[in-house]
Structure formats: C-alpha cells, structure tokens
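Below is one structure, written out as structure tokens, with a few remarks after it.
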Protein chains: 2
Amino acid sequence: MATSTVENYLKAALLYEQEKYGIVPMGALVEALGVVPGTVTTMVKALATQGLIEHEARQGVRLTPVGRALALGVLRKHRLVETFLVQTLKMDWSEVHDEAEALEHAVSDRVLERIDEFLGRPAADPHGDPIPDAEGRIADTARQVTMEGCAVNKILRVTRILDQTPDFLAYVQQSGLKPGARIKVLRREVASGVVRCEIKSGQELTLGLPAAAKIVVGAVV
Amino acid sequence: MATSTVENYLKAALLYEQEKYGIVPMGALVEALGVVPGTVTTMVKALATQGLIEHEARQGVRLTPVGRALALGVLRKHRLVETFLVQTLKMDWSEVHDEAEALEHAVSDRVLERIDEFLGRPAADPHGDPIPDAEGRIADTARQVTMEGCAVNKILRVTRILDQTPDFLAYVQQSGLKPGARIKVLRREVASGVVRCEIKSGQELTLGLPAAAKIVVGAVV
DNA sequence: GCTTGCTTTTTGACTATTCAAAATAGAGTA
DNA sequence: TACTCTATTTTGAATAGTCAAAAAGCAAGC
Ligand SMILES: [Mn+2]
Ligand SMILES: [Mn+2]
Ligand SMILES: [Mn+2]
Ligand SMILES: [Mn+2]
C-alpha cells in the first residue's frame, strides 16, 4: 500500500504534468509538498526504486504508467471528496481543499464508489476540475477557453476556476463568477488591461486580464 | 497533533476501560493494536511522556484526563462515521468498522460537525454503541440488560450488539435481531443453555446463552 | 525455597520521512 | 575561459513506529 506521502508526491507530479509539458523539475515537488530540496531527492529515489517514477538526474521526474494510475486514483478521490463535502455536507467550496487533502488517503475504493454513486457520478468538482473516472480516464482540458480569450457578447457559462487560492476563490464567490454562473463578456480593453462583463440580472463587472485568464468559460447547456 | 497511532492506542485503552474496570494491562493493548509486546512498552512510555496516560510498571496504563478526552473524540469520530456510512451511503453495517478505523483519523472536527448535523445528532451507531457528544459525554451503559437476563414475555427492542465480529454480525442480521428489531423472550432453559424468543411476525428463534448475552435489549419507545 | 509459565521490559536493529548544511553540477554571463 | 547563480545532490542526524530475541519480574504450585 502506498503511504499518504507517496500519494502526495505522485499527485503533485501528475498535477504539474497536466499544467506544463514533459518532465517535472525537483523544485516543483519542493514547492508543492512544502519540504526542503534534499527531502525531495531522497523521496524521489525511493519512488523510482518502487517503479512509480523515473528520475533523470539533475532534471526531474516523470511518472511511470503505474505511478500515473496511482496518482489518478488519488486525484479522483480528492475531487469526489470535495464534491461530496460541498454538495452533501454543505461546506463552503473555499474550505474543502484542505479537508480533501487528508481524506483522499483514508477513503477506500469501496467508500469512494458509494460516494460516486450517491453524487450521480459527477464529471467535475466544485472548482470545475475534471474528475477522473474509475479507470483513470480524465477529460482533456487543454483547449479550454477563459474570460481572457472567449467570444464577446455571447452568453457563456463559467465552468472552472484555475486559481484556487482562498483569496481568489472568495473574490470569485462574492462577484458571482462561481462555476455554473452565466456571464457575457462585453468588451476587452487591452490598453488598460481590463475585461468588462455582465453577470446575471444585468450587473456589470470589471476585472483585470490576469484574473480573467483564470476563469474558464464554456457554452451554455 | 496526535498521530493516528497515538489515537489508536488511546482509543483502545478507553474501550478496555469501559468494558473492564481500572487499569489496562499491556497485553490488552498488544491484542487490540496487533503489535508485539515490546512495541507497546515503547509506545506507552512515549504516551506517558506526553501526558496522555500514566504507566504503572509491570501493571498497565490508565488514561489521564487529557488522554481520555482525546480518546473520546476519536471514538466519537469512529461511531459517527460508521453511522454515516450505513445511513447515508447505504453500506452494510458489517463492513463499516474497518472503514471507520481509517477515517476516524482523517475527518476534521469541522467535517464531523457537518456529519453530526446531517444525521440529526444520533445517540448511537449502527451497532447500538453510544456516541459521545462534542464535549465527550457518553451514555452510561453499565446497567444494560441483555437477552440473557431480561424480562420474559415482554416485547422489547434490540438496542445494541456487543460482539461485533463479522460472523456474529452476519448471524444477527440474518436472524432479524439487528438494533431496532422488536423481540419477546419466551423462556430460558438453563439446563440446555438456550433462550427461546419470538421475533416480528411470530417467528420463533432459539439461541445459546452466550449469544443471548451479547444482545442488549431495552424498552420499546 | 525453587521451578514454571506468563507478562513485561530491554536491547539492537530497521524503515520511512524529514531537516540542516555543505558540496556539486550546469547554464548563462562577462 | 572563468565566474556567478541557481537547482540539485550528498551527508549526517533526528523522529516515529515497528520487530526479533533475549532478559527480567512475578505469581502459583510443589
Ligand atoms: Mn493529500
Ligand atoms: Mn478541486
Ligand atoms: Mn483507527
Ligand atoms: Mn460501532
């Protein structure tokens, strides 16, 4: 059985892989796990011995198929637990990440299956992050469009928030841009670096381009 | 923060204390935790240093008020989680113990409060074991009566199963003696060592005295 | 009092994970 | 080419928890 430390390392590598391309530098793991560099070197060697990752000296790591499958399982648990905490237990979407960070290591596959069924097999978590299915398949999010680059004057739906720091989530909540919200981008002013948009009931809102780039939108269903 | 190992040791000591009187012998912890005796001696010293138990050399341990409070918190998590798994996620009552054994260390107080509220602040878990409240108060079960010693020819309700081995739980389930079931003890034959009783819809059932002693009954509400 | 048998403790060793601090490799720069 | 800066690795040490096996304590019986 993989320890929770092992699971955290693999999940961190997976998330980095999904965001960037190719190899995961040691520094990315240092950052994600909050440990000193020497610790990562040590752990990475151990994980490589176990066949979960490949370690290119002075370069970084790459997940093996076994390691990736394990990481996808942990990510699935994390996101289903988050969804459960928000939908069923009515917790605030900004506080569920830390809870899921611990529960993802304690929820068994049996319990997870129950949760998945109970929730009706959701495709995304409260932040709009896609949930891998039981076989480890996960929706491709490479071509998602954000408020920074979407069509103008068209009603769209917020589907995902890329920046999940508490501050940004609080801002998103308070300004009504949570996943599910319907919005319309009115215009983009590149010179001043702002995006002007309309949210439900005609209210208008102005946000900076970097913030707009963190809000993924899609067609209204 | 107490590690899950520490929590398991304290909970084991608490459960033993509740069943028997006074001091908890080292062997009881060896048995409950599934480790070798030397390990218990080592851990017990560490727990004593942390002020969670008192260690009487060659005798055993006793929980300190701090240790007992911690243990009651873990027991509360365990039993609320079991209840949640059965009532909300529809898991079988015979399989939830092991799941709760892991989840009790990962569920935060915040999540626990949500679960407690969601379930309507239950007083007992699926096995009928009392759930400590948030302040650590737990119902006194010292004078509970079992089918071995209860009144005869009176309709009673099963409230608790004391033997929670999978085999016994399966027997209880299949013979309709789960907590909540209404039963009537018809007569006790001390010579042959059996108890004859009637369960719902007039079916009769015979069980041995040791088995009867594991089924707690109370007045019908 | 001496021997038996069971419980508990001691000792020595091992794994997993971590940090601090020093050493080193590379990449880019002057 | 030599220097500088940063990322990574090495080394040495610590903590938590565990086991195996030997030693010690103690109660009971002879
Ligand atoms: Mn985690
Ligand atoms: Mn999420
Ligand atoms: Mn446990
Ligand atoms: Mn129980």
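This is a predicted model, so every value here is computed, not measured. Below, chain A is the first sequence line, B the second, and so on; all start at residue 1.
Heavy-atom distances under 4.0 Å link DNA chain D to A:P25, A:M26, A:G27 of residues 20-33 of chain A, given in residue order.
Residues forming a side-chain contact (heavy atoms from CB on, under 4.5 Å) with B:A211 (at least two apart in sequence, or on another chain): B:F168, B:L207. B:Q173 meets the side chain to side chain donor-acceptor pair (under 3.5 Å) test with B:W93; sequence neighbours excluded. For A:E148, there are no side chain to side chain donor-acceptor pair (under 3.5 Å) partners at least two apart in sequence or on another chain. For the side chain to side chain donor-acceptor pair (under 3.5 Å) test, no residue two or more places apart in sequence or in another chain qualifies with B:D98. Applying the side chain to side chain donor-acceptor pair (under 3.5 Å) criterion to A:T49, with sequence neighbours excluded, gives no partner residue.
For residues 101-111 of chain B, the set of pairs meeting the side-chain hydrogen bond (donor to acceptor under 3.5 Å, both in side chains) definition, not counting sequence neighbours, comprises A:E95-B:R110, A:E99-B:S108, A:E99-B:R110, B:E7-B:H105, B:N8-B:H105, B:K11-B:E101, B:K11-B:E104, B:K77-B:D109, B:H78-B:E104, B:H97-B:E101. Among pairs with a residue in residues 133-146 of chain B, those fulfilling salt bridge (Lys or Arg N to Asp or Glu O under 4.0 Å) read B:D133-B:R137, B:E135-B:R137, B:D140-B:R143, at least two apart in sequence or across chains. The list of salt bridge (Lys or Arg N to Asp or Glu O under 4.0 Å) pairs with a residue in residues 31-57 of chain B, not counting sequence neighbours, reads B:E56-B:R62.
Between chain A and DNA chain D, the heavy-atom contact criterion of under 4.0 Å yields a 5' to 3' nucleotide range of D:dA7 to D:dT10.
A donor atom on one side chain and an acceptor atom on the other are not found under 3.5 Å apart for B:Q144 and B:T141.
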What donor-acceptor contacts under 3.5 angstrom involve side-chain atoms of residues 18-27 of chain B, with partners at least two apart or in another chain?
none

Sequence-aligned protein contact record of nucleotides 14-26 of chain C, with B where the base is within under 4.0 Å of a protein heavy atom and S where only the sugar-phosphate is: ---SBBS---BS-
